[in-house]
Amino acid sequence: MKVRLPDGSELEVSEGSCVRDVAEAIGPRLARAALVGRVDGELVDLSQEVAPGSTVEIITEGSPEALEILRHSAAHVMAAAVKRLYGEDVSFAIGPAIDGGFYYDFDLDHSFTPEDLEKIEEEMSRLVAAGVPFRRSELDRDEALGRMKSDGQQYKVELLEEIDSDPVTLYELGGFTDLCRGPHIPDSSRVPAFKLTSVAGSYWRGDSSKKMLQRVYGTAFFSQKDLAEHLRLIEEARKRDHRRLGIELGLFSFHEEGPGFPFFHPKGMIVLNEILDYWRHVHRREGYLETRTPILLREDLWHRSGHWEHYRDNMYFTDIDDQGYAVKPMNCPGNMLIYKASQHSYRDFPLKMGELGLVHRHELSGVLHGLLRVRSFVQDDAHIFCLPDQLSGEVASVIDLCFEMYGRFGLDDVRVELSTRPDRSIGSDTQWQDATKALENALADRNVDYQVSPGEGAFYGPKIDFHIRDCLKRSWQCGTIQADLSMPERFDLEYTDSDGQRKRPVTIHRTVLGSLERFLGLLIEHYGGALPFWLAPVQAVVVPVTDEVMDYARDVYAKLRDAGFRVELDDRSETVGNKIRQAEVLKVPRMLVVGRREAGEGTVSVREHSMGDAGPAPLSEVLGRFSALVGE
RNA sequence: GCUGCUGUAGCUCAGUCGGUAGAGCGCGUCCUUGGUAAGGACGAGGUCAUGGGUUCAAAUCCCAUCAGCAGCUCCA
């Protein structure tokens with residue numbers, strides 16, 4: 001019989017050949033390198049028989065999908081090791097490959113310690129050394145169900161009950177049999193490098209009302225070198241952690257007395273204020289009007305806005321003069337009141353009202369994470385009131401604004417997501433369709449790549465989210481553009497149209513940076529703490545070589561300061577080397593060394609952070625360079 | 001909130017078998033005036049997260065609380 005190869009050629013193989021036989025027929029080296037096959041587009045085991053005329057591709061280590069398959073198989077090896085070590089009273093949940101590794105969820109009474117992980121690793125090593133084969137088998141669904149029931153594998157039973165296919169496939173390895181679609185590498189010896197990284201709790205099916213399982217994370221590679229490199233990168237990334245850098249650089253701190261509420265130090269405030277200055281500059285240019293609304297507002301407002309109904313669990317409440325008040329978790333209701341304080345004409349539209357509003361949200365204690373997840377933050381909020389046919393255009397201009405601003409901060413790894421109608425939502429089908437369409441059109445118009453998250457929209461409307469990754473590749477939402485189908489109704493917003501009729505405006509609720517706090521955290525990680533000149537809390541340090549030139553140093557310092565730069569004078573009785581090191585550690589962009597030579601010539605010796613000595617220059621020229629850096 | 005781990009000087013961390021506490025950095029004073037990533041000496045600084053318990057004796061063992069970390073869930 002003949003099979004087709006990816007390059008279009010045909011190959012003669014004997015009847016009943018499996019993928020491995022095909023690889024063998026192409027070449028013995030390929031057969032040794034083969035991990036799995038792809039037959040007519042579908043990934044299969046090497047042992048899979050191929051039908052005459054099918055297209056067969058051999059997947060080896062170099063193939064893009066190889067690593068995922070390896071890690072999935074490694075998860076099975078780990079599960080087999082756990083079964084051998086902890087016996088029959090372990091229930092197995094799921095064990096997929098994930099970005100950067102794999103995990104397996106177990107249910108057992110004993111809770112895993114780091115020592116257990118070592119033991120499991122050792123057992124895995126034994127399995128790898130033994131080269132235990134993966135055995136695939138097919139079984140009637142009912143038969144498999146009966147078997148998992150008798151084995152007490154409740155999670156597998158639950159999975160089987162929801163599976164449509166019949167028969168189902170099972171994989172056995174080293175005494176551990178798992179319900180699994182496959183495919184798998186041929187045997188455990190093909191997991192050359194692996195490491196178990198951590199253990200953490202996880203709910204069965206991610207549902208907090210269900211039982212908590214123990215999730216063991218690990219990763220696997222095709223070589224020890226790749227594994228070592230991966231671990232090195234993780235270590236490297238940890239050094240960029242904004243929580244560590246924020247303390248080291250004196251930007252902010254956290255205290256037990258206010259969990260989740262960041263304290264900004266003078267240097268942190270400088271960075272925040274620079275961000276705000278820039279924000280105001282572009283928003284004024286775009287025609288936004290700035291507002292400010294109270295932090296505490298009477299409780300009935302929150303009933304009216306729908307927050308009581310949908311967001312109460314995340315809100316802080318208090319009583320004032322026997323009246324119930326709530327601390328605002330969002331800025332919208334306040335801005336709705338501002339809108340209603342005057343009459344509006346279609347001529348005013350689009351009306352863009354921005355508020356840098358401080359909001360408080362009671363987040364679950366376990367989700368707090370440095371500046372990236374806090375309980376109080378400044379949202380760079382804005383509400384855009386417009387006509388229905390302006391919606392798409394306004395969304396598009398916010399998309400432009402987001403990319404422009406992220407670009408200014410050097411952030412280019414931005415993921416865009418469109419979230420559609422959730423189960424629990426308000427508004428009519430037409431409203432949702434129109435709004436979703438408007439968002440899609442805006443994205444298409446601006447040629448933005450995006451993923452769709454079905455059912456992840458806000459209860460009041462569909463939204464576009466902008467995500468940026470932190471140093472450990474965790475993704476955080478920053479900007480969001482939400483069509484708001486709820487507020488105009490709830491607050492009975494109106495405008496007068498050209499025909500004199502009172503009509504309901506369309507509202508967009510949007511942020512660009514999202515939360516100033518989160519944005520700062522991501523900036524710190526993005527730059528590894530070495531913020532660009534225009535954002536750096538200290539832009540330059542004057543380093544006098546000896547006390548003898550202190551007067552000149554003071555003069556240089558004063559001139560820079562008077563020119564509006566953030567500069568410090570290091571007049572400590574320390575060596576030049578020490579002062580330089582200090583400035584390098586604090587990631588100050590420029591160091592200006594002044595000694596006898598410079599004092600005599602009216603120059604400074606410039607040193608650039610992490611770049612070293614950049615040579616002498618007249619002070620006037622340095623002032624010009626600094627101005628250019630700020631404008632960049 | 002849930003599961004697991006952790007909490008010792010401003011920061012990073014030692015502290016063995018239960019016997020009342022240590023280093024480096026930083027900070028202060030003095031000496032030193034040094035040319036591009038750590039000059040030297042001396043000194044101050046701790047309710048060992050908090051509250052209970054066991055014990056002749058607790059940083060150390062047990063319980064609870066608080067906070068942090070990883071993850072789940074949730075979200076800007």
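Please read these numbers as outputs of a predicted model, since none were measured by experiment. A note on names: the letters A, B, ... follow the listed sequences, proteins ahead of strands, and every chain is numbered from 1.
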Exercise. Using the P atom in both, what is the distance from B:A49 to B:U16, to the nearest Å?
Worked result: 14 Å

Problem set entry | B:A76: pairing nucleotide in any strand, Watson-Crick or G-U under 3.5 angstrom | none

Exercise. Would A:F377 pass as stacked on B:A76, i.e. its ring centre under 5.5 Å from the base's six-membered ring centre and planes under 30° apart?
Worked result: yes

Exercise. Can you tell me how far C1' in B:A23 sits from the matching atom in B:U8, rounded to whole Å?
Worked result: 13 Å

Exercise. Does any donor-acceptor pair link the side chain of A:E256 with the base of B:A67 at a separation under 3.5 Å?
Worked result: no

Exercise. Does a nitrogen or oxygen in the side chain of A:R607 sit under 4.0 Å from OP1 or OP2 of B:A37?
Worked result: yes

Problem set entry | Euclidean distance for C1', B:C56 against B:G51 (whole angstrom) | 23 Å

Exercise. Below 3.5 Å, does any donor atom in the side chain of A:S605 face an acceptor in the base of B:U36, or the other way round?
Worked result: yes

Exercise. Counting only Watson-Crick or G-U wobble pairs whose two distances fall under 3.5 Å, which nucleotide matches B:C27?
Worked result: B:G43

Exercise. Between B:U65 and B:G46, how far is it from one C1' atom to the other, in whole Å?
Worked result: 22 Å

Exercise. With a 4.0 Å cut-off, would you call A:E162 and A:R205 a salt bridge?
Worked result: yes

Problem set entry | Interatomic distance at P, B:G26 relative to B:A64, whole Å | 41 Å

Exercise. Expressed in whole Å, how much space separates the P atoms belonging to B:C25 and B:C42?
Worked result: 13 Å

For this session: Output yes when at least one side-chain N/O atom of A:K579 is less than 4.0 Å from OP1 or OP2 of B:A38, else no.
Result: no

Exercise. If we call it a pair only when both distances are under 3.5 Å in a Watson-Crick or G-U wobble match, what pairs with B:A38?
Worked result: none

Exercise. A:H369 NE2 to B:C72 P: how many Å, rounded?
Worked result: 12 Å

Problem set entry | Distance-only donor-acceptor test (3.5 Å): side chain A:Q214, base B:G71 | no

Exercise. Reckon A:R243 has a side-chain N or O less than 4.0 Å from the OP1 or OP2 of B:C69?
Worked result: yes

Problem set entry | Carboxylate-amine/guanidinium contact A:R373 A:E363, below 4.0 Å | yes

Exercise. Should B:A14 form a Watson-Crick or G-U wobble pair with both distances under 3.5 Å, which nucleotide is its partner?
Worked result: none

Seminar exercise, completed: Checking N1-N3 plus N6-O4 or O6-N4 for Watson-Crick, or N1-O2 and O6-N3 for wobble, each under 3.5 Å, the partner of B:A64 is B:U50

For this session: Answer yes or no: is there an ion pair linking A:E274 with A:R566, defined by an N-O contact shorter than 4.0 Å?
Result: yes

Exercise. Salt bridge between A:E525 and A:R469, side-chain N to carboxylate O under 4.0 Å?
Worked result: no

For this session: Tell me the partner of B:U33, counting only Watson-Crick (N1-N3 plus N6-O4 or O6-N4) or G-U wobble (N1-O2 and O6-N3) with both under 3.5 Å; none if nothing fits.
Result: none

Problem set entry | A:Y203 (side chain) and B:G1 (base): donor-acceptor pair under 3.5 Å | yes

Seminar exercise, completed: Result for 5'-nearest mapping on RNA chain B, choosing between A:E574 and A:L368, is A:E574

Problem set entry | Distance, C1' atom - from B:U55 to B:C62, rounded to whole angstrom | 12 Å

Exercise. Which is true for A:G366 with a 4.0 Å heavy-atom rule: it touches a base, it touches only sugar-phosphate, or it touches nothing?
Worked result: base

For this session: Look through every strand shown and name the nucleotide pairing with B:A58 as Watson-Crick or G-U wobble, where both distances are under 3.5 Å.
Result: none

Exercise. Could A:D105 and A:R215 be called an ion pair, given the rule that one side-chain N must be under 4.0 Å from one carboxylate O?
Worked result: yes

Problem set entry | C1' gap between B:A38 and B:G1, integer Å | 47 Å

Problem set entry | Donor-acceptor pair (no angle test) under 3.5 Å: A:R215 side chain, B:A70 base | no

Exercise. Of the nucleotides B:G35, B:G71, B:A76, which has the atom closest to the A:Q477 side chain?
Worked result: B:A76

Exercise. Is the closest basic N to carboxylate O distance between A:E417 and A:R415 below 4.0 Å?
Worked result: yes

For this session: Can you tell me the distance, in whole Å, between the CG atom of A:L196 and the P atom of B:G71?
Result: 16 Å

For this session: Could you check which nucleotide pairs with B:U3 in any of the strands shown, counting Watson-Crick or G-U wobble with both distances under 3.5 Å?
Result: B:A70

Exercise. For the residue pair A:Y278 and A:F409, is the inter-centroid distance of their aromatic rings smaller than 6.0 Å?
Worked result: yes

For this session: Return the 5'-most residue of the pair A:M212, A:D241 with respect to RNA chain B, ranking by each residue's nearest nucleotide.
Result: A:M212

